S.K.: 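This is the structure I want to talk about, given as structure tokens.
Lettering of chains follows the sequences in order, A, B, ..., and the numbering in each one begins at 1. What you see is a predicted model, and the numbers here were worked out from it, not measured in a lab.
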Protein chains: 2
Amino acid sequence: MQRWSLAQSDMNKFETKHWTSDTVAADLEHAIHEHRLPPGTKLGEDELAEAYGISRTIVRAALLALSHRRLVELKRNRGAFVAQPTVRDAREVFEARALLEPRTAHSAAERMTDEDLALLRSNIASEHEALDAGENGRALFLSGQFHVEIARIADQTTVQGFISELISRSSLIIALYWRRRAALCETQAHHALLDAFANRDGDLAEQLMKSHLLDLVASLDLRNVTQPPTSLREALKR
Amino acid sequence: MQRWSLAQSDMNKFETKHWTSDTVAADLEHAIHEHRLPPGTKLGEDELAEAYGISRTIVRAALLALSHRRLVELKRNRGAFVAQPTVRDAREVFEARALLEPRTAHSAAERMTDEDLALLRSNIASEHEALDAGENGRALFLSGQFHVEIARIADQTTVQGFISELISRSSLIIALYWRRRAALCETQAHHALLDAFANRDGDLAEQLMKSHLLDLVASLDLRNVTQPPTSLREALKR
DNA sequence: GCACGCATGATTGTATACGAAATTGAGTTC
DNA sequence: GAACTCAATTTCGTATACAATCATGCGTGC
């Protein structure tokens, strides 16, 4: 069940665990993915080092890793910030997903085992739970996991890495450009995909994934009107 | 014309330039891409630090960046080594390229400007030059640049990043699994692509890219017989 | 009163020192 | 002579110290 937050110390995970740059990066990515660390948040090295009970060396390595995944932006002599994808970034991310995910879903459908199906099913169930409990961040994270899991089932490690990165970035994009109306169609699409997987129907899964991604983009407000702050230093830096 | 090598000191670039982790990483990637640093080569931190005239801090950041691109493998307490993609890795890399590059070539054909065409043309010319001069590594690098350039022209930064990584990894794969026969069909395919681009024929470019990639895979020896060394510590470690 | 410049403080960039892990080789034992 | 043990050495992992850079606020001059 393990839940926690970076700011509130409802658990002493920071002292107990033995952190490495990888685990710290994963922890931060998780927090970013769940919108506990919104876009633009400053990630001070000293602050993080103290929070995790480690030195800045590890923190820097973790931030470097996240910057390579374009989840944080490193500004020289200024610090690390949770990335703020532009409208253009958003379009590119979903273009890339459209190239990778439908065909990957096709492969996954053909390789799907019963264990895989059960795992996907429980994922959707958890997503529902989270939604019912009002834990939107957690639901969003699980929703992303669903997509990554498909790539894993397709047995394409390399593509899985790309998709994982794209989905984490999608979470940032959703944080910035999500328009409220038409909310929970998410789990519906996942349910439909699950059915296609259960029938090992690759063509259908591919088609469903394609339209699912189109729906996602359609649910965003990517008019350039809402341009991200550029000139006056991140528009008050939040 | 600036050419140089890591081992031989035919130029004193190491003292003059002001290196950062990014430039060091790019320099190493270039060397790997050109097969001056073959798969399995040990990249000792102290060695590199001394070579570039910087401290291990920068070297570590560069190696970390390259490990995220799967060009070097970091083994805990043992050091960094130029990656040795397995047969499975090779298949995955070319599967991913097959997903990304044909459609990207399609987009590129539609957005192609005359300047872009000239750039691609000069790239091919340089590739020919290198081949004639027997500089196979340089030719291979330029051949890769051709593909990355197409992604840039398609105006897809994110996909370009993925393709760039995949192409660098492809260079390692070629170093390990290239079978000699049927050598220079490379530039032919690029010429054909260039023609399609010149005619702004997206469908043709997409098709040509697809078969180009198939040809590439076909030119590799990916039978599992030639398994990469695993058990006896990198098979004499080079 | 406004703007510019300089000093101060905070934060990151880099180097180095120390500790930990693993490899290596010699020495010993069976 | 073969195999094992253990110390010595090398190399990486982490922390910390110092330098450089940027942001901030006060003071001065126009």
S.K.: Give me the atom names and distance for the closest heavy-atom approach of S168(A) to L71(A).
M.R.: CB-CD2, 3.6 Å

S.K.: What is the distance, rounded to the nearest whole Å, between atom CZ of R56(A) and atom P of dT12(C)?
M.R.: 7 Å

S.K.: Round to the nearest Å and state the distance from Y52(A) atom OH to dA15(D) atom P.
M.R.: 15 Å

S.K.: Measure from the side-chain heavy atoms of I54(B) and tell me the nearest of dT16(D), dA15(C), dG13(C).
M.R.: dA15(C)

S.K.: Counting C-beta onward and ignoring hydrogens, is there a side-chain heavy-atom pair between Q160(B) and T104(B) closer than 4.5 Å?
M.R.: no

S.K.: To the nearest 0.5 Å, what is the distance between CD (E45(A)) and OG (S55(A))?
M.R.: 10.0 Å

S.K.: Between R60(A) and dG13(C), is there a contact of a side-chain N or O with OP1 or OP2 at under 4.0 Å?
M.R.: yes

S.K.: Decide whether S126(B) and N123(B) meet the rule of one side-chain donor and one side-chain acceptor closer than 3.5 Å.
M.R.: no

S.K.: Counting heavy atoms from C-beta on, name the nucleotide in dA15(D), dC22(D), dC12(D) closest to the side chain of I58(A).
M.R.: dA15(D)

S.K.: Can a side chain N or O of K42(A) be found less than 4.0 Å away from OP1 or OP2 on dT12(C)?
M.R.: yes

S.K.: Between dA15(C) and S55(B), is there an OP1 or OP2 to side-chain N/O distance shorter than 4.0 Å?
M.R.: yes

S.K.: Look at the aromatic rings of F146(B) and H190(B) and report parallel, tilted or perpendicular, splitting at 30° and 60°.
M.R.: parallel

S.K.: In whole angstrom, give the distance that lies between atom NZ of K75(A) and atom C1' of dT21(D).
M.R.: 16 Å

S.K.: Atom CG of D46(A) and atom C1' of dG9(C): how far apart are they, to the nearest Å?
M.R.: 14 Å

S.K.: Nearest-Å distance, CD (E47(B)) to P (dC12(D))?
M.R.: 9 Å

S.K.: Between dT11(C) atom C1' and E50(A) atom CD, what is the distance in whole Å?
M.R.: 15 Å

S.K.: Below 4.0 angstrom from OP1 or OP2 of dA23(D), is there any side-chain N or O of R78(A)?
M.R.: yes

S.K.: What's the CG-P distance between D22(B) and dT14(C), to the nearest Å?
M.R.: 10 Å

S.K.: Of all the nucleotides listed (dA22(C), dG13(C), dT14(D)), which has the minimum atom distance to the side chain of T57(A)?
M.R.: dT14(D)

S.K.: Which part of the nucleic acid does R76(A) contact within heavy-atom distance under 4.0 Å: base, sugar-phosphate only, or nothing?
M.R.: sugar-phosphate

S.K.: Quick one: on DNA chain D, does N77(A) or T20(A) contact a more 5' nucleotide (nearest heavy atom)?
M.R.: T20(A)

